[in-house]
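Note that the structure is a prediction, hence the values are computed from the model and not measured. No hydrogens, no waters, no symmetry mates; every other heavy atom, side chains included, goes into these values. Per chain, numbering begins at 1; letters A, B, ... match sequence-line order.
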2 protein chains.
Amino acid sequence: MAAVSRMGIFLGLDASALAEVLAAATLATAQAGEAYVCQGDPAHRFYLLVSGRVRLSQVTPEGQQVVMRFIAPGEEFGIVAILGRLPYPVTAEAVEPAVALAWSGEAFNRLILRHPQIGLNGMAMLAERVREFQDRLREAGTQRVERRVANGLLRLARQAGRSVAEGVLIDLPLSRQDLAEMTGTTLFTVSRTLAGWEERGIISSARKRVTLLQPHALVAVAEDLPEG
Amino acid sequence: MAAVSRMGIFLGLDASALAEVLAAATLATAQAGEAYVCQGDPAHRFYLLVSGRVRLSQVTPEGQQVVMRFIAPGEEFGIVAILGRLPYPVTAEAVEPAVALAWSGEAFNRLILRHPQIGLNGMAMLAERVREFQDRLREAGTQRVERRVANGLLRLARQAGRSVAEGVLIDLPLSRQDLAEMTGTTLFTVSRTLAGWEERGIISSARKRVTLLQPHALVAVAEDLPEG
DNA sequence: CGTATTTTTGAAGCGATTCAATGGACGTGG
DNA sequence: CCACGTCCATTGAATCGCTTCAAAAATACG
């Protein structure tokens with residue numbers, strides 16, 4: 001409960017309200033690779049990630065996959081459930097063992113009506129999400145691939161970065177393909193881009209793992225500054 | 001008040017609640033070209049458009065402009081004001097004479113806490129917005145320019161389309177530059193693309209105006225179907 | 001140790017951008 | 001009402017960034 005009270009969407013709730021929130025929740029665990037929700041299924045549950053990582057992705061009618069974002073502990077997914085029984089627009093899949101709290105759409109609706117603070121926090125959370133997507137859309141429309149990949153890595157580092165001896169490790173199983181699907185390019189181009197940075201000592205990479213050795217240099221790439 | 005009660009964010013409120021909402025609002029008018037909010041200014045007001053059209057755009061550090069979306073009557077903008085005094089991430093500018101209701105961030109916060117239904121509706125509205133941006137991000141990452149422009153036009157038609165004798169007029173002053181900034185390309189490419197469609201009889205265009213003559217054919221382009 | 005998955009690398013080709021220059025539409029003021 | 005300046009749109013030609021496809025190398029896993 002202490003952990004839950006620190007989560008953005010439940011900030012400012014008193015103990016009894018938190019107890020009520022928790023009483024309505026069920027615990028949902030998933031193993032690596034297992035899906036919480038599948039694109040196209042009717043949305044009836046809303047989730048709040050407690051631990052692990054979840055990848056949100058969308059498949060196009062042509063079968064191409066696009067990675068929307070990674071969900072970190074404390075963030076929600078499946079919000080569409082509170083709108084009624086629309087289909088989920090994305091697939092949410094655990095990339096490592098994960099634990100989440102889940103509410104039915106109806107139950108969460110009732111919670112919001114009884115505790116307006118949740119609605120307020122939820123709007124704040126979603127507004128922030130909108131802002132992030134706006135930023136990415138701007139990037140997608142104006143930046144070259146190298147900058148987009150740099151921005152993608154920096155976003156991941158902020159969200160899932162772990163300080164290690166050499167720099168900042170992005171603590172996720174992250175393939176070249178994933179990065180390509182996040183930044184709207186191909187795994188080939190990502191591979192070449194990372195290879196270039198590795199040569200310049202900016203990052204070090206292994207299979208499904210990237211470590212930022214000189215984050216400031218990557219910021220310079222992302223902002224298109226002359227290299228320092 | 002009747003008009004306000006039909007707006008998504010105030011759905012389900014009773015008369016006294018609506019009166020309270022309106023009492024806290026101020027009316028803000030803008031002429032064509034005038035800005036409601038400017039990117040970078042501290043966000044202290046939240047708006048609900050009553051009539052007219054508003055364009056949300058973002059300027060990159062390099063000075064390029066990106067058009068995020070057009071706001072139609074009944075839609076909100078400036079939501080970031082309820083998060084505290086963060087800067088507005090976008091500029092909101094009337095493209096034709098507009099009227100909007102405005103609340104201070106604090107006042108709207110209080111309204112949400114007194115009438116939780118507003119928070120619920122607001123979350124629904126924002127969740128829908130997130131979904132739209134996700135779709136556009138997917139398009140930006142996977143589709144070629146022609147399809148993106150087709151999708152952009154169809155989105156505008158859905159939102160601001162008006163049936164006329166020849167087809168569906170997009171009832172907005174819409175330059176090639178605007179379309180380019182919405183779809184992440186250049187005005188040159190948009191010009192060539194529209195010229196091609198005009199030749200095929202799919203659209204008809206004039207200065208800052210586009211009419212869809214065969215919407216279904218444009219859908220075919222957007223979905224990359226063999227032309228019918 | 002063999003198989004599957006991920007990553008690297010090369011070469012060819014194309015879609016889209018860039019830049020420059022022209023053409024057309026609109027509004028304003030004489 | 002015509003002439004002007006401004007803004008918007010078109011068009012052509014050159015260039016480039018990125019994709020595409022093929023093939024091989026590296027790494028993980030049973």
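Within residues 137-146 of chain B, the residues having any heavy atom closer than 4.0 Å to DNA chain C are, in order of number, B:R144, B:V145. A heavy atom lying under 4.0 Å from DNA chain D marks the following residues of residues 180-199 of chain B, by number: B:F188, B:S191, B:R192.
Whole-Å rounding puts the A:D178 CG to C:dT5 P distance at 15 Å. Across the protein-nucleic acid pair, B:R207 atom CZ and C:dG27 atom P stand 8 Å apart, rounded to whole Å. Distance CD (B:Q177) to P (D:dC7): 13 Å, rounded to an integer number of Å. Atom pair A:R209:CZ and C:dT7:C1' shows a separation of 16 Å (rounding to whole Å applied). Taking atom CG of B:L174 as the reference point, atom P of D:dC7 lies 19 Å away to the nearest angstrom. One can place NZ of A:K208 at 7 Å from P of C:dT7, the figure rounded to the nearest angstrom.
The nearest pair of heavy atoms linking B:I71 to B:L49 is O-CD2, 3.5 Å. Residues A:V90 and A:V37 come closest through the heavy atom pair O-CG2, 3.8 Å.
A donor-acceptor contact shorter than 3.5 Å is absent between the side chain of B:Q134 and the backbone of A:P89. With hydrogens and angles ignored, the 3.5 Å screen pairs no side-chain donor or acceptor of B:Y36 with any backbone N or O of B:G78.
Side chains of B:R129 and A:F133 form no contact here, defined as non-hydrogen atoms less than 4.5 Å apart.
In this pair, B:F77 and B:Y47 present their aromatic rings parallel. The plane angle is below 30°, not in the 30 to 60° band.
Within a 6.0 Å sphere centred on CD of A:E62, other residues, nucleotides and ligands contribute more than 12 heavy atoms.
When each of A:N121, A:L22, A:L48 is tested with A:F10 by the rule side chain to side chain contact (heavy atoms under 4.5 Å, CB included), just one qualifies, namely A:L48. Residue A:E139 is tested with A:R147, A:R148, A:R155, A:R144 for a salt bridge (Lys or Arg N to Asp or Glu O under 4.0 Å); the sole match is A:R155.
Taken from CZ in B:R158 to CG in B:L153, the straight-line distance is 11.0 Å, to the nearest 0.5 Å. Rounded to the nearest 0.5 angstrom, A:L56 CG and A:M182 CE are separated by 10.5 Å.
Recorded end-axis angle for the helix from C:dC1-D:dG30 to C:dG30-D:dC1 stands at 40°, based on five pairs per end and rounded to 10 degrees.
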